[in-house]
Amino acid sequence: MQVLVVEDTKISKTACSATFQTGHFDDDDDCHGLSHLLEHMLFLGNASTDVANAFGDFVSAHGGTLNASTGTETSSYFFDIFSDVFDDALAQFSAMLFSPLLQTTYIEKEIQAIDAEFKLKQKDDLRRLYQVHKETCNPNHPFSKFSVGNRQTFEKFSALELQKKLRRLHQRYYQSANLCLSVISSLPISETKLIVEKHFSHWKHGKKIKRDAYPALYLKHQLGVLIQITPLQKAQRLIITFALPAQNQHYRAKPLAIISHILGDEGYGGLLDYYKGKNWATSLSAGGGIEGSNFKDFNINLQLTDKGLNSIEGILSALFSYLELIKKQGVESWRLVEMARLNTLAWRYGENPKPIDEVLKLSHNMVDYPPEHVVAGDYLFDKASPAMTYSMLDFFSANNMRLKLIYQSQKTDTVARWYDTPYKISQLPPAIVESTKSVKPIDSLTLPKANRYLSDINQLAIKEDEYTLPTLIHHQPGLDLWFGQDQQFQQPKGDCFLTFDCPAITQGIEIATYKRLWVALINEKLTQKYYQANLAGLHFHLYPHQGGFSLQTNGFSAKQLHFCTDLLTQIVVNEDFKSSFEQVKNGQVQLLNNSLLNKPINRLFTRLSVLLQQYNYAPIDMAEIMGKAQLKHVIETKNSLLGQFNLEGMMYGNWSIEKANEAVDKVRAFRQLYAHSTPLSKGLVDLTQKPVQVHFVDCQHNDDAVVMYFQAPSACTEDIALTMLFEQMIATPFFNQMRTERQVGYLVGSGYLPYNQHPGIALYIQSPNFSANQIIIAMQQFLSEFLQSLNDYQEIWTALKAGLIRQLSQTDSHLSMKSQRLWMCIGNKDFTFSQNSKMIAVIEQLTFSQMFEFSQRLMWQKKCGELILISSKHKVKTANDWQEITSISEFKHQAHYLS
């Protein structure tokens, strides 16, 4: 058994991941989905406890999370938890993995759950495309197996027969020789090591699994093919795939990373720039694709325009012309040095991921890399080889290519099993093959130049203790600028924020829609112009929000303040959108219209924010306006937004006050060009003055779904604390009852959901088997029973409070997380940056009787609000005292708003 232990004294939790070298490739040939079923069953009782989800409940009660995933050749189980209970947690984790009961009663229930999961994905175009991929590869390769499983794959076996299959699968593959375990903990390495040995040393050693070599992923007639696929969502995509051998052994040379780096360049003169100039494509990504122990797909993914759909030969001709250019001059030594430098910067100065994400990655790396490179294998680039890159380019040929053309209204002759995806596979037409041969150079195509944004990393600024927390360093009407100097992470990085509150946004949905389009057009231009800056670790994010729009930059600090102020100017002066207007507008219309095909739960939560937030609008309503938008509307909107605004900003990171003041001068000069306003009040609908509100949302999905939202009485610290505690108290029993025991739905959960800092709770269920009426009855029954048994939770009250206090006390894991938190404090008018400390003090004083009283008020609508959102294909019976929202605009017009 391989074990990796990492000590990190900056965290308060321990994260652990167990990855077994087995996945759906090992499913029985007559029972696809078996590995997925086994993953589900491991949570439902073991030799130490027959209580379903006992370990999940324990993790949740101690401030942690638990999850699992079944892949093609690996299966992973991972969790995090406060370090002082890691010993108890690992004992339960080991028992869960080692000795599952695999009870037949739960096998039958989890088949229902897996079938619900399968049905949930039946309208997911990615999953539908994936199934076509499986059906058009070698049927003797295990990739062709149906990985998820459903009722149909399982029902031909009795529960006892499935139990035997599951035990056989578990006994063969869930053994120590097949396990990679990784732990990141605040505990000393020696202590963590002893805990691991204590709970895993009894596992039988077993033998390393010897596998027969897999056959080729594709047969000869499955290459050099065109696959036409009809999606559900409106989409126009071309995926160009080249079949390659496995790449794991080349991790230090990374030949495909070099090819991806060049093909995917979005700057001037690149392949995407050429396609945009021809009005053939709006986006390009290179390098993705499935991979495994004996295969790797290299994908070039294009979003096509209408013209591009009819220009496949030209698209391929340009691609192969560019590939020839790479072969001639694209693998020069300076380019390899630059890529190695980019990898080194990412390795040395990357943001620390969450421990639970990092520990999962490490357990997978233990499968892929030798022990000495488990931590750094993803970044190593010390064996770069032009010869290796050229050898991979030899696979980029028409007879080794698969084209997937995805758009609606095309002729197909086959329907994929399980997901009912219409498709057709045929040999590449001769004209397309010919377009890849004897290609001529294209003068406008050029390879990426040396990255001018790569510079020596600047030294850390001299500490200035008065700026440890953000300080208001400039104030004038319509402009507040804050500065803080990071002294915790000691990295040459920083974050800048500028947010515009624009009174013009109160004019309604039209200006909000045109604002969205204007921001998209600006992003289109700036992304191309500053593509190399992004590669070099200097990022920007321009986005609309309900009060206006915001600009954020982050990354290396050396050139960032100049970068940020330069972007500010670019946003204002840029008005030349003629060449990209129709492309970008059509993309926005497509995004807005496709929201109808989102899964019901997503649709309901989107509509919830639309109903509650004063200046938020439904995507489907915006789509109609967007479709009629003209360039003059965008220019008029830009002028209206910038005609008068309030600007607030913060710089936080590796800068001195002198550098910050230089940036202030530039922002102030910009500010003086425009009229100012006060900060915009963004209202929140007050539900506490209304009866129960109910709203129906259309969705093109067969599942029914319900969201119940409860709005707390006020936004005072005590109500925020009580709302958060109540959600934590109800979360586990709600999931266990609705999902595990009663199988009401597959998507089941709860969440603390504040809007405009006002606290609230959402309960949600989506189900393929229960109607919305049945879901509502089940939820109301649960809530009634929960409130009646509320006193039973008094025994966990102290632990519940302690867990929330520990969550609020956790330190930021990286600089950007801290910057975001501090910026949110400014937005919430918490200028002492002490909201969490105040919250902790309030929580410590709260009594269970206060929680009892609050729970009754929240659930029975005493000075609280309730909004129920429903998506259903069936007629829904509502209570007599519910008030239906039939018009969003009318509801918001009549609403009382909380400021």
Please tell me whether Thr732 and Ser60 have a donor and an acceptor in their side chains that are separated by less than 3.5 angstrom. yes
Apply side chain to side chain contact (heavy atoms under 4.5 Å, CB included) to Thr527 and Phe540, showing your working. CA-CA 9 Å; Thr527 297; Phe540 81 91; 4.0 Å; yes
Does the ring center of His373 lie less than 6.0 Å from the ring center of Tyr251? yes
Side chains of Asn301 and Ser285: donor-acceptor distance under 3.5 Å anywhere? no
Have Asn554 and His539 got a donor and an acceptor in their side chains that come within less than 3.5 Å? no
Classify the ring geometry of His133 against Phe143: parallel below 30°, tilted from 30° to 60°, perpendicular beyond 60°. perpendicular
Compute whether any side-chain donor of one residue and acceptor of the other, for Thr553 and His541, lie under 3.5 angstrom apart. no
Residues Thr9 and Glu7: closest non-hydrogen pair is CG2-OE2, 3.6 Å
Which of parallel (below 30°), tilted (30 to 60°) and perpendicular (above 60°) describes Phe55 and Phe93? tilted
Distance (rounded to the nearest 0.5 Å) between Lys383 NZ and Arg252 CZ: 5.0 Å
Flag, side chain of Glu351 to backbone of His814, donor-acceptor distance under 3.5 Å: no
For the backbone of Leu126 and the side chain of Asp124, can you confirm whether one donor and one acceptor N or O come within less than 3.5 Å of each other? yes
Is a side-chain donor or acceptor of Lys493 paired with a backbone partner of Asn654 at a separation under 3.5 angstrom? no
Any chance you could measure Asn53, atom CG, to Leu44, atom CG, to the nearest 0.5 Å? 5.5 Å
Are the side chains of Thr19 and Tyr77 in contact, using a 4.5 Å heavy-atom criterion? no
Would you say Gln485 and Gln487 are linked by a side-chain donor-acceptor pair, where the criterion is simply a distance under 3.5 Å? yes
With a 6.0 Å cut-off (strictly less than), is the heavy-atom count around NZ of Lys134, excluding the residue itself, greater than 12? yes
Does the side chain of Glu73 come under 3.5 Å of the side chain of His24 through a donor N or O and an acceptor N or O? no
For Tyr652, is the NZ or CZ atom of Lys818 found under 6.0 angstrom from the centre of its six-membered ring and inside 45 degrees of the ring axis? no
Go through the steps for Asp495 and Ser816 under the test side-chain hydrogen bond (donor to acceptor under 3.5 Å, both in side chains), then give the verdict. CA-CA 7 Å; Asp495 294 81; Ser816 283; 3.1 Å; yes
With no hydrogens and no angle check, is any side-chain donor or acceptor of Thr192 less than 3.5 Å from a backbone partner on Pro188? yes
Lys145 side-chain N/O to Phe25 backbone N/O, donor-acceptor pair under 3.5 Å: yes
Closer than 3.5 angstrom, by distance alone: can the side chain of Ser609 be matched with the main-chain N or O of Thr606 as a donor-acceptor pair? yes
Would Leu725 and Glu727 satisfy side chain to side chain contact (heavy atoms under 4.5 Å, CB included), going step by step from the backbone distance to the final call? CA-CA 5 Å; Leu725 285 164; Glu727 192 282 323; over 6 Å; no
Do side-chain atoms of Gln766 reach the backbone of Ile601 as a donor and acceptor pair under 3.5 angstrom? yes
Take Asp87 and His199 through the test side-chain hydrogen bond (donor to acceptor under 3.5 Å, both in side chains) and record every step on the way to the result. CA-CA 9 Å; Asp87 193 339; His199 299 301; 2.6 Å; yes
Hey, does the Lys NZ or Arg CZ of Lys13 hover above the aromatic six-ring of Phe82, less than 6.0 Å from the centre and inside 45° of the axis? yes
Determine, stepwise, if the pair Phe79 / Cys16 fulfils side chain to side chain contact (heavy atoms under 4.5 Å, CB included). CA-CA 6 Å; Phe79 72 95; Cys16 178; 3.6 Å; yes
So does Leu181 get a backbone contact from the side chain of Gln2, meaning a donor-acceptor N/O pair under 3.5 Å? no
What class does the angle between the rings of Phe58 and His62 fall in, given that below 30° is parallel, 30 to 60° is tilted and above 60° is perpendicular? tilted
Answer with yes or no whether the side chains of Ser813 and Asn352 bring together a donor and an acceptor at under 3.5 Å. no
Take the angle between the ring planes of Tyr530 and Phe563 and call it parallel below 30°, perpendicular above 60°, tilted in between. perpendicular
In this structure, CG of Asp486 is separated from OG of Ser819 (nearest 0.5 Å) by 7.0 Å
Under the criterion side-chain hydrogen bond (donor to acceptor under 3.5 Å, both in side chains), I'd like the reasoning laid out for Thr14 against Ser83: C-alpha separation, chi angles, the key distance, then a yes or no. CA-CA 5 Å; Thr14 293; Ser83 295; 2.9 Å; yes
Is a side-chain N or O of Asp8 found less than 3.5 angstrom from the main chain of Ser186, in a donor-acceptor match? no
Roughly how far, to the nearest 0.5 Å, is the CG atom of Leu34 from the CG atom of Asp26? 10.0 Å
Chi angles and distances behind the side chain to side chain contact (heavy atoms under 4.5 Å, CB included) call for Trp347, Asp378: CA-CA 9 Å; Trp347 163 252; Asp378 291 348; over 6 Å; no
Ser182 to Met366 - nearest heavy-atom pair and separation: CB-SD, 4.1 Å
